[in-house]
Amino acid sequence: MIKDKLLMNSDIRVRFAPSNTGHLHIGGARTALFNWFFARHHAGTAILRIEDTDRKRSTEKYYDAILEAFDWLGLEWDEGPYRQTQRMDLYQEAANKLLSSGAAYRCTCTPDEVNAMREKARAEGKTPKYDGTCRDRYDKDPNVPFCLRLRAPDAGETIVDDILAGEVVFENSQLDDMVIVRTDGTPTYNFCVAIDDIDMKITHVIRGNDHLSNTPKQVLVYKALEEPTPNFAHISMILGPDKKRLSKRHGADSVLEYKERGFLPEALINYLVRLGWSHGDQEVFSKEEIIANFSLENLNRSAAIFNPEKLLWLNQEYIKSADGDFLVESLDSGLKEQGLSPDLLTGKTRMGIVDELRTRSKTLTDMIEGARFFFENEVELDEKAAVKFLTPENSAIMLKLRDELTKIETFSTENVKLVFHRVMEEEAVKLGKLAQPVRVAITGGTTSPGIFETLSLLGKDRTIHRLDTALARINEK
RNA sequence: GGCCCCUUCGUCUAGCGGUCAGGACACCGGCCUCUCACGCCGGUAACAGGGGUUCGAGUCCCCUAGGGGUCACCA
């Protein structure tokens with residue numbers, strides 16, 4: 001039974017706290033989503049906090065990229081982005097408080113000495129940890145550099161009450177006297193997190209399972225400061241097909257990369273949320289539906305394997321029902337990127353094109369690829385298709401069709417169809433026999449939307465031109 | 001290795017003591033069909049193993065195995 005101490009009120013405050021040492025990856029995005037939907041469901045507050053205390057690896061580039069990713073996803077944060085580097089006074093103040101209360105102490109042991117302790121403990125089969133040498137040692141020489149450690153209890157246990165995992169018990173004997181302020185004066189991660197969560201009045205800490213082991217350390221900070229602990233919910237992680245932690249090795253792992261590949265943010269959100277969360281048998285959810293139905297209780301506790309094929313399927317579902325104007329805009333910008341001019345065809349025609357392509361495209365990239373031939377001046381002939389269909393045997397019927405097509409005044413799908421049927425009847429051939437050579441001549445390949453639609457969308461002049469080009473090619477051979 | 005978490009079709013999951021174990025992706029058939037798709041119809045496929053508790057266990061308890069996470073003056 002999952003313990004539920006949730007309230008239906010608007011005092012709920014959650015945060016998503018990535019470090020800007022890399023792009024927002026999909027695992028992080030999913031955690032952010034769970035936080036965001038939880039906040040929205042309860043009409044609470046969603047906060048974005050950037051943990052940029054790692055000065056070696058944090059960059060402004062990634063800071064911007066993370067914000068851009070959320071912008072694309074359409075997630076708006078109620079507070080933030082806060083940055084830890086701008087909150088140093090807060091940590092310093094808390095550290096001083098702990099030092100003066102005796103909860104923390106100065107440690108002058110060098111890293112080498114501490115490592116030696118750990119190795120010794122490990123050799124003796126004990127939990128490797130700092131042995132407390134400096135706990136009760138008063139500073140002798142103020143010039144000796146020191147760090148600050150938090151005194152951890154030697155006996156008893158620290159309990160993390162997790163909404164998903166229940167009560168997780170950690171023996172205090174396993175806990176280390178963790179460093180809260182380094183020798184260089186900078187605060188450490190587990191310390192900053194606790195201080196920030198206290199300061200920001202976070203009520204629910206929803207984060208990846210990999211932080212569960214960190215939690216007792218943070219709880220100790222709360223206790224030392226005599227602050228109540230928040231609710232914790234440690235969610236399962238996303239794994240690759242090999243059951244290893246999802247990473248670049250498994251393909252795209254950054255949110256923005258999915259944007260580049262032609263995914264719709266709604267589809268990514270739907271997929272990510274549905275990975276580990278469910279609401280009966282429903283697969284497709286709008287943002288509003290997720291907000292209405294989201295609850296931590298329905299989160300799955302086990303790790304989930306990322307399945308790109310299902311994402312692709314969902315993406316196509318969203319493309320199929322996407323707003324036409326949006327698809328035309330996507331088409332236009334995609335064509336421009338490839339140096340093609342969308343204006344070659346009218347807006348109405350382009351709308352017709354995306355309508356034909358929406359059931360044939362798993363991504364926007366697919367759609368643009370499928371529309372290319374409409375906008376190229378010369379078709380790129382697929383050699384295999386040309387050899388098979390652009391043959392002397394087919395040239396007579398193609399020529400006849402070409403001549404009939406020139407007589408059409410209104411080059412509509414219906415009229416093109418009528419001409420095809422007339423030629424088929426007179427020549428006693430089936431549609432397939434006529435359509436495939438024409439398709440190759442017009443599109444360069446063997447797959448496209450329906451042949452009548454394709455021709456009418458392309459327009460009379462360009463259709464005739466392409467047929468002529470193909471016929472000339474046959475004659476040359 | 002210590003500690004912690006997890007375990008239903010290949011994958012995502014429904015299930016909250018009594019179900020022919022349901023849905024979705026993928027896969028395999030079929031229909032539709034000018035190609036490719038879409039759509040529609042159908043199919044293969046799972047409770048990790050072992051002990052308990054119970055009239056009855058996928059559902060509760062224990063053990064084993066497997067997977068994952070974490071053990072820093074990184075975040």
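Naming convention: chains lettered A, B, ... in sequence-line order (proteins, then strands); numbering from 1 in each chain.
Residue contacts for A:D176: at a heavy-atom cut-off of 4.0 Å it reaches no nucleic acid atom on any strand shown. Using a 4.0 Å heavy-atom cutoff across all strands shown, A:T446 reaches at least one base atom of the nucleic acid. Residue-level contact check: A:K320 touches the backbone only, with heavy atoms under 4.0 Å from sugar-phosphate atoms and none from bases. Within 4.0 Å (heavy atoms only), A:G276 reaches sugar-phosphate atoms of the nucleic acid but no base atom. Using a 4.0 Å heavy-atom criterion, one finds that A:G432 contacts the sugar-phosphate atoms exclusively. Among the protein residues, A:V438 comes within range of no part of the nucleic acid, since none of its heavy atoms lies under 4.0 Å from any strand. Using a 4.0 Å heavy-atom criterion, one finds that A:I451 contacts the bases of the nucleic acid, with or without backbone contacts as well. Within 4.0 Å of A:P449, counting heavy atoms only, lies at least one base atom of the nucleic acid. Residue-level contact check: A:N214 touches the bases, meaning some heavy atom is under 4.0 Å from a base atom.
B:U19 and B:A24: their P atoms are spaced 23 Å apart (whole Å). B:G43 and B:A21: their P atoms are spaced 15 Å apart (whole Å).
With a cut-off of 3.5 Å on both Watson-Crick or G-U wobble distances, the partner of B:U7 is given as B:A65. Both distances falling under 3.5 Å, in either a Watson-Crick or a G-U wobble arrangement, occur for no nucleotide opposite B:C16. In this entry B:G1 has B:C71 as its Watson-Crick or G-U wobble partner, both defining distances falling under 3.5 Å. Under the Watson-Crick or G-U wobble criterion, with both distances below 3.5 Å, B:G42 is paired with B:C28.
Residue-to-nucleotide contacts include no donor-acceptor pair under 3.5 Å from the side chain of A:R118 to the base of B:C71. One donor-acceptor pair, N or O on each side, does fall under 3.5 Å between the base of B:C36 and the side chain of A:R360. Counting distance only, with no hydrogens placed and no angle test, the side-chain atoms of A:N209 and the base atoms of B:G69 include no donor-acceptor pair under 3.5 Å. For a distance-only test at 3.5 Å, the side chain of A:E283 qualifies as a donor-acceptor partner of the base of B:G23. Under 3.5 Å, the side chain of A:T183 and the base of B:C73 form at least one donor-acceptor pair of N or O atoms.
Toward the 5′ end of RNA chain B lies the nearest nucleotide of A:A165, the other residue of the pair A:A165 and A:D281 mapping further downstream. Residue A:N300 is the one, among A:N300 and A:S361, whose nearest nucleotide of RNA chain B lies closer to the 5' end (criterion: closest heavy atom).
Using a 4.0 Å cut-off between charged side-chain N and carboxylate O, A:K433 and A:E427 make no salt bridge. A salt bridge links A:R83 with A:E60: the distance from a Lys NZ or Arg NE/NH1/NH2 to an Asp or Glu carboxylate oxygen falls below 4.0 Å.
Taking the six-membered ring for Trp and thresholds of 30 and 60 degrees, A:F37 and A:F294 have ring planes inclined between 30 and 60 degrees apart. Using bins of under 30°, 30° to 60° and over 60° for the plane-to-plane angle, the ring pair A:F452/A:H421 lands in the tilted bin.
Between A:H234 and the options A:N214, A:N209, A:D162, A:D210, a side-chain hydrogen bond (donor to acceptor under 3.5 Å, both in side chains) holds for only A:D162.
Taking 4.5 Å as the limit, every side-chain heavy atom of A:Y62 sits out of range of all side-chain heavy atoms of A:L24.
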